Every structure is written in structure tokens, then in C-alpha cells.
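Have a look at the structure below, then the notes.
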Amino acid sequence: MQSKEMIRNYQLLELDRNAPLEDVELSYRRLLRRYEPGGLASYGLLRVADRGRLLSAIRDAYQQIMRQSSTPPQRPDSSQPRVPSGDEHLASLHAYLQSKPELRSDVLHAMAIANEHQRVAQMQCESDDQIPIG
Amino acid sequence: MTPTVMAIGGGKGGTGKSFLAVQMGIALAQQGLRVLLVDADPNGANLHTFFGLEDPSHDIDVLLDQDISTRTVILPTGIEHLGLIAGTRQEMRLRTEPDFLHDAVQKLRWEEVDLVLWDVGSGTSMWSTFLFEQADIGCWVVQTEPTCIEKEYHFLRHVCRWRLASILEPEEAPPADWLPIPWLTSIKHDDPARAKLLHQQLRRRPFLLLGNQIHQPDEREIPEEMMAACHRFFGIEGHALGWLPFDERVWLSVRLRRPIVLEYPEARWVKQFDSIIQRLIPFLKPSR
């Protein structure tokens, strides 16, 4: 029998309460990518502060599920398509950059701006105490 | 016989809606469906140009303004089983009276074909939204640049507001920057039955979502992710049909005024488009 808190954790990860750990891992990565700066939710879907709080709640939910699990999480099946995290997304951009040296200075400039957006977003999240959305 | 009507629309111009409408019309006609392509874009109709037609003898304005049958304005496209109603090259005389809109839908839902494709253009004008919501299926074409995604969220908010307009009480009017699901969550707290009714209204018709002009491999997941976000925050059901790559041959075919599926059947874009068509066909079977 799961506690209400644990059921809520699975809901935050957009999963059925009986979802296996492999699905928890996949969904967590997918949601990080959605709510991190530069993700789909950052383009006018949610306010910065709401997005930051949702991201924080998702991270907490993931960690609680993993802590409660007695077995270590299985890595996702490598034969299945896997959603990269935000860091992997940046790594993919780096790889692209390597193949296009003529774009290097432009991309580095864009990444510096993205980092600055992320820093400002983080400050806004920390200074705002609105109720989380959803 | 009742045809299936699919409207092709979206929030932002230039995503390839008209181009896709033409290629879909040809591909589905080649599958044996009788297809009517309708250029209902009020802001710059151009489907005729994709077929190399320079000066259409009839257009949608004539059909909507006069008491004539749909058949009289259908132009041949040179493709078997595929006809075209060209858009007006003037500024479209958009009218919003209920009788006019009702008659327009009746005329554009021509019953002598299996499938009618309406290119309704981009944006949130009353005409485009009305047609998008009157069709049996809405095909939503997006690009994945940040500015495009922002416009698509704006479009979704508008469609949700439109869907609820007929049953919302004046005091229930949602704020301008609303998100339907969090908004419904607050209603559910006080009135679960009301929230359920509003949610059903939002879900009344699914979307098909198609990402176009995809440059990077990691952008291919975006249509699927947008559909998930659409479900999570807007309460709209739908299916991501997939993605189509950026391909110079698209530009070349437009310059040549020849459909890419005929001119460059070996192009990367066409190969991927073929798989999209196979995914699309099951949604086109008449359900009514």
C-alpha cells in the first residue's frame, strides 16, 4: 500500500503508481528536459517561477521513489529510444559544434546567453514563494 | 457518403502547412482516395502555385459569395483523384455571420469525395479557428524553434478558450495567460462535476501533431513532447504523427512549382513523409 505522498510522487512523474523503476528513470529524464531552461515549457508555457518549482518537485519525487526502492534503478533498455537529459542535450550541441567549426563563435555566444538566462531563472525561483502549479 | 474532413492549421505562418497540404493531397490520392484540397487560408492563398497554376479561373471567394455548387469551382490538378479549390488572391472578404459560416462549411465539406483537406492558414482569426474546429480532424503543423513553440502555445490557449466558449458562464472567464488544466484543478476543488464537464469539452476532438523542418536529431522528439505537454497543461488529446527533416529539395520543388513527392521521390523528406502518411491513414477512416 503506497502512501498518499508516494502516489503524488508518481503523479508528478506522470506515471501510474505501479510503474517500474525503468519507467521512473525514463520519465524523470524526459520531464527534466521539458522543464529545464531551454526546454519546451520555457517557451511561454509556464512562468519562470512556476517552472522552477515544478522542476524542484519532480526532482524531490524522483529521489523519494529511488530512496524507497530497495533495488538500485535499472538502466533503461538500450534498445529503446531514450530521452537525453539537459546535459546530454548540451553535449549533443557540442558534438554538432565540433562538426561545424565555422559556427563555433556564434554557438558559444548563444550558450553564454543561455547560461545567463538559467542563472536569472534560478534567482527568480529562489525569490518567489508562489504555490506550485498543477 | 460523408467524407472525412481534415483541417491543417497552427499558430505560426511559414511552418509548411500549405506545402504539406499539397503533398498529403497527392500522396493520399495516389493511395486511391478521392481527395478535395481547399485553400481556405485568408492571408495569402497559394496552393494553386504548388501545382504550377498561375491564374485560377475560380476560387473560394466565388463559391462562398454566390449561390453556386461546389463542383463548379473545383480545378483539376493534373493528379488523378485530386481536385483543388483555389484560394482568393484578393484580400478574403471574411464574414462572421453564423449563417455565412454554416453555409461555408456545408459547401467546403463536399460529399462526393472520400477526404477533404482544408488549409486554414495560421493564427487565431475567427475564420481559421472556426474551420479548424469544424473539421473532423485537426492537423497541427509546427516547427521547433523557440519562437514557433511560443506561438503554438498561444494558439492552443486560443483553441481551448474557443472550445469552452459556448458553456462558460461570464464569471468563469479564464485569465489571459491561463493554462486550462491548472485552472480546472482550482474549479474541481469547489465543483468536481463542473470541472469534469469542462474537461470533456476540451477533449472533444483530438489533434494530430506534425513537426516540420527538423534540423537536428535531438529535435525529433519535440512533437511527441509537445503533445505530452498539450495533454498535461491544456487537456487536449492528440497524437504526434512524427517529424519531417529540413531538406533543400523542398525549397527546390517550390521554386520549380512542382510537388516534391513527384519531382524528388528519392528525397530524404519524401522518404520520411511516406512513413507519416502510413501513420495518418488510420485516422482518416470515417468514424461517423
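Numbers restart at 1 for each chain; the letters A, B, ... are given by sequence-line order, proteins then strands. These numbers come from a predicted model, not from an experiment.
- With rounding to the nearest 0.5 Å, the separation of CG in A/L45 from CG in B/D177 is 11.0 Å.
- Between the CZ atom in A/R30 and the CD atom in B/E225 there is a gap of 5.0 Å [rounded to 0.5 Å].
- Ionic pairing of B/E221 and A/R33 is present here: one or more N-O contacts between side-chain nitrogen and carboxylate oxygen are shorter than 4.0 angstrom.
- Enclosure of atom NE2 in B/H231 is not indicated, since only 12 or fewer non-hydrogen atoms of other residues, nucleotides or ligands lie within 6.0 angstrom.
- Contact check for B/F233 versus A/L46: side-chain heavy atoms found under the 4.5 Å cut-off.
- For residues 148-159 of chain B, heavy-atom neighbours of chain A at less than 4.5 Å comprise B/I149, B/E150, B/Y153, B/R157, sorted by residue number.
- When the shell of 6.0 Å around CZ of B/R255 is examined, it contains 12 or fewer heavy atoms from other residues, nucleotides or ligands.
- Between A/L40 and B/I222, the shortest heavy-atom distance links the atoms CD2-CG2, 3.9 Å.
- The nearest pair of heavy atoms linking A/R34 to B/A228 is NH2-CB, 3.4 Å.
- The number of heavy-atom neighbours closer than 6.0 Å to CZ of B/R279, taken from other residues, nucleotides and ligands shown, is above 12.
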